[in-house]
Amino acid sequence: MTKSTITFVCTECGGESLRWAGQCPHCRAWNTLQEFQVRKAASGTRTRSTTPSKAIRLSDVLSDAAPRRALDWDELNRVLGGGIVPGSLVLIGGEPGVGKSTLLMHAAAQIARSDQKVLYVSGEESAQQIRLRAQRMGALEPGILLLAENDLDAICDSIRVEEPQLAIVDSIQTVTDAGFEGSAGSVTQVRESAARLMRLAKEIGVPIFLVGHVTKDGSIAGPRVLEHIVDTVLYLEGDRRQELRILRAMKNRFGSAEEIGVFAMGEGGLEEVPDPSALLLSAALTASPGTSVVAALEGTRPLLVEIQSLVNATDNAMVRRIANGIDINRLHMVLAVLEKRLDFKFGKSDIFVNVAGGVRVTEPAADLGLALSIVSNQNNRPLPDGLVVIGELGLAGEVRRVGQLERRLQEAARHGLTRALIPSGGKAGRPSGLDVVEVATLAEAVSAAFPSPMKSGAFIKGAGVTVS
Ligand code: TYD
Ligand code: MG
């Protein structure tokens, strides 16, 4: 006997509430609460299992669980934590059109090429559309089986019958379980369908990849509603108008949740980009005022990215601060430190900051590079050629140390950069070919980066920089 009760679940954050409200009490999004039926066993029907499960010693647990299936692309394997784990449920989220179906078709083709079977369930596109895309991508493998289906029972049956090495459900928001109310994409349907696919994956050991669309308007339940159900959550990010795509692990029960994989979208679908720094830096080699190169760390891998700033005097009463690829609050903080500690004035200027290539830099280690790119543009003075800037800024204007400095420096040296500004006091090894300058404060960094006096901006006490 089961009876159902009702709660309300936010389509944005997955938070639950007992009552409906216009605003989600968890994430404060508006009009995102949807009714959700919770099925509970009626009281008195729960029986104790006759064979109680037995605890075992941690040290007796076998460490060599089923081997992972590695794909051809190391960029994908790294984000998955080393390959596909049998029986895992993996969610690939992202905005419509970013390339989720394309990425999964590549993965399907890589498995099918080694005489294995992949079941691709599509509730969105027709079989013809999928064939056309696969053809264009060179992924037309006979080992890929197509199922155009929305009904969860039919999907589960097909997975059971075919027992593929990988099943892909594109997308979870088109799947409906006939046993539940609500249309496809509602919180109830999305959550119940994912939970059933999770049980199926664990039961028969078939890994299942789910596609989940992220939409801004909350009209369908987003992937966040599923984050706690699935084993692994990966988000595919990138500007649709640019070629770079970043697959970012947000949660991974089988590996690090810090890793990223980098891909480029082209005519023939996606390609992996094993050396993203080279791609991101190609445009940065000619120094121009406002451009700096920083070494950010994404998971285990250092990434050289170019930050561009534009400081533009304006007569408008309201100045603008626009940041693409950098947290706007980080920009506000860096500007405040520049104003307060070094007497720069930005009150009458619009400031635009952009990270080249559509990449997002989330690390404070980019603070100093951001500050120097702003100073560089305001004074119309390029930073020295071949310079990489590494350091977090404190509110007192001090340059703080960052993790894994040595790996960042190695990445810079490997890509032909010749100079580095780094926080003082670290014990990192110095790669050969890199002229390293340690700085303790923002003032020291500015005078090291711009050795001759500046036309405007600041009088920096004790740092040898004077206003001419
Ligand atoms: P798609 O994988 O359908 O996105 P999603 O499943 O995330 O909605 O990718 C669609 C976009 O990718 C579309 O804008 C066209 C572009 N694309 C290419 O540029 N080249 C290609 O070879 C393919 C297959 C897609
Ligand atoms: Mg798609």
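This one's a predicted model, so the numbers in the text were calculated from it and none came from an experiment. Note that the numbering runs from 1 along the sequence shown for the chain. In each ligand, atom 1 is the first atom listed, and ligand 1 is the first ligand listed.
In terms of N/O distances under 3.5 Å, ligand 1 is not approached by Met137. Residue contacts with ligand 1: Leu103 is placed with no nitrogen or oxygen under 3.5 Å of a nitrogen or oxygen of the ligand (distance criterion only). Every N/O-N/O distance between Glu125 and ligand 1 stays at or above 3.5 Å.
By the 4.5 Å heavy-atom criterion applied to side chains, Cys156 and Leu197 are counted as neighbours. Contact of the Leu210 side chain with the Ile92 side chain is not registered, since no non-hydrogen atoms from C-beta on lie closer than 4.5 Å. Contact of the Phe346 side chain with the Arg321 side chain is registered, since non-hydrogen atoms from C-beta on lie closer than 4.5 Å. Looking at heavy atoms from C-beta onward, Arg320 lies out of side-chain contact with Ile351 at the 4.5 angstrom threshold. With contacts defined as side-chain heavy-atom distances shorter than 4.5 Å, the pair Leu91/Ile229 does not qualify. Residues Ile208 and Val169 form a side-chain contact, since some pair of their non-hydrogen atoms from C-beta on lies under 4.5 Å apart.
When only non-hydrogen protein atoms are considered, atom 6 (O) of ligand 1 lies nearest to Ser101 OG, 2.7 Å. Of the protein's heavy atoms, Gly97 O, 4.0 Å lies nearest to atom 14 (O) of ligand 1. Counting protein heavy atoms only, atom 19 (O) of ligand 1 is closest to Met265 CG, 3.5 Å. When hydrogens are left out, the protein atom nearest atom 4 (O) of ligand 1 is Gly99 N, 3.1 Å; that is the closest non-hydrogen contact.
Proximity to Glu267 (heavy-atom distance under 4.0 Å) selects the following atoms of ligand 1: 20 (N), 21 (C), 22 (O). Set against the non-hydrogen atoms of Gly266, the atoms of ligand 1 under 4.0 Å away are 18 (C), 19 (O), 20 (N), 21 (C), 22 (O). Shown in contact with Gly269 at under 4.0 Å from a heavy atom are these atoms of ligand 1, numbered in order with element: 21 (C), 22 (O). Under a 4.0 Å criterion applied to the non-hydrogen atoms of Arg133, ligand 1 contributes the atoms 3 (O), 24 (C). For ligand 1, the atoms closer than 4.0 angstrom to any heavy atom of Pro96 are 8 (O).
Of all heavy-atom pairs between Gly238 and Val98, the closest is O-CG2, 3.9 Å. Residue Pro276 comes nearest to Arg301 through the heavy atom pair CG-NH1, 3.8 Å, listed as atom of the first residue, atom of the second, then distance.
If you look at Arg136 next to ligand 1, the close heavy atoms, those under 4.0 Å, all belong to the side chain. Contacts between Lys100 and ligand 1, counted as non-hydrogen atom pairs separated by less than 4.0 Å, involve both the backbone and the side chain.
Partner Ile390 forms a side chain to side chain contact (heavy atoms under 4.5 Å, CB included) with one of Val293, Val294, Leu409 and no other, that one being Leu409.
Here Ser171 does not reach the Mg ion (ligand 2): none of its N/O/S atoms is less than 2.8 Å from the metal.
Gln410 CD: more than 12 foreign heavy atoms inside a 6.0 Å radius.
Nearest to atom 1 (P) of ligand 1 by heavy atom, out of Thr102, Leu236, Ile92, Val211, is Thr102.
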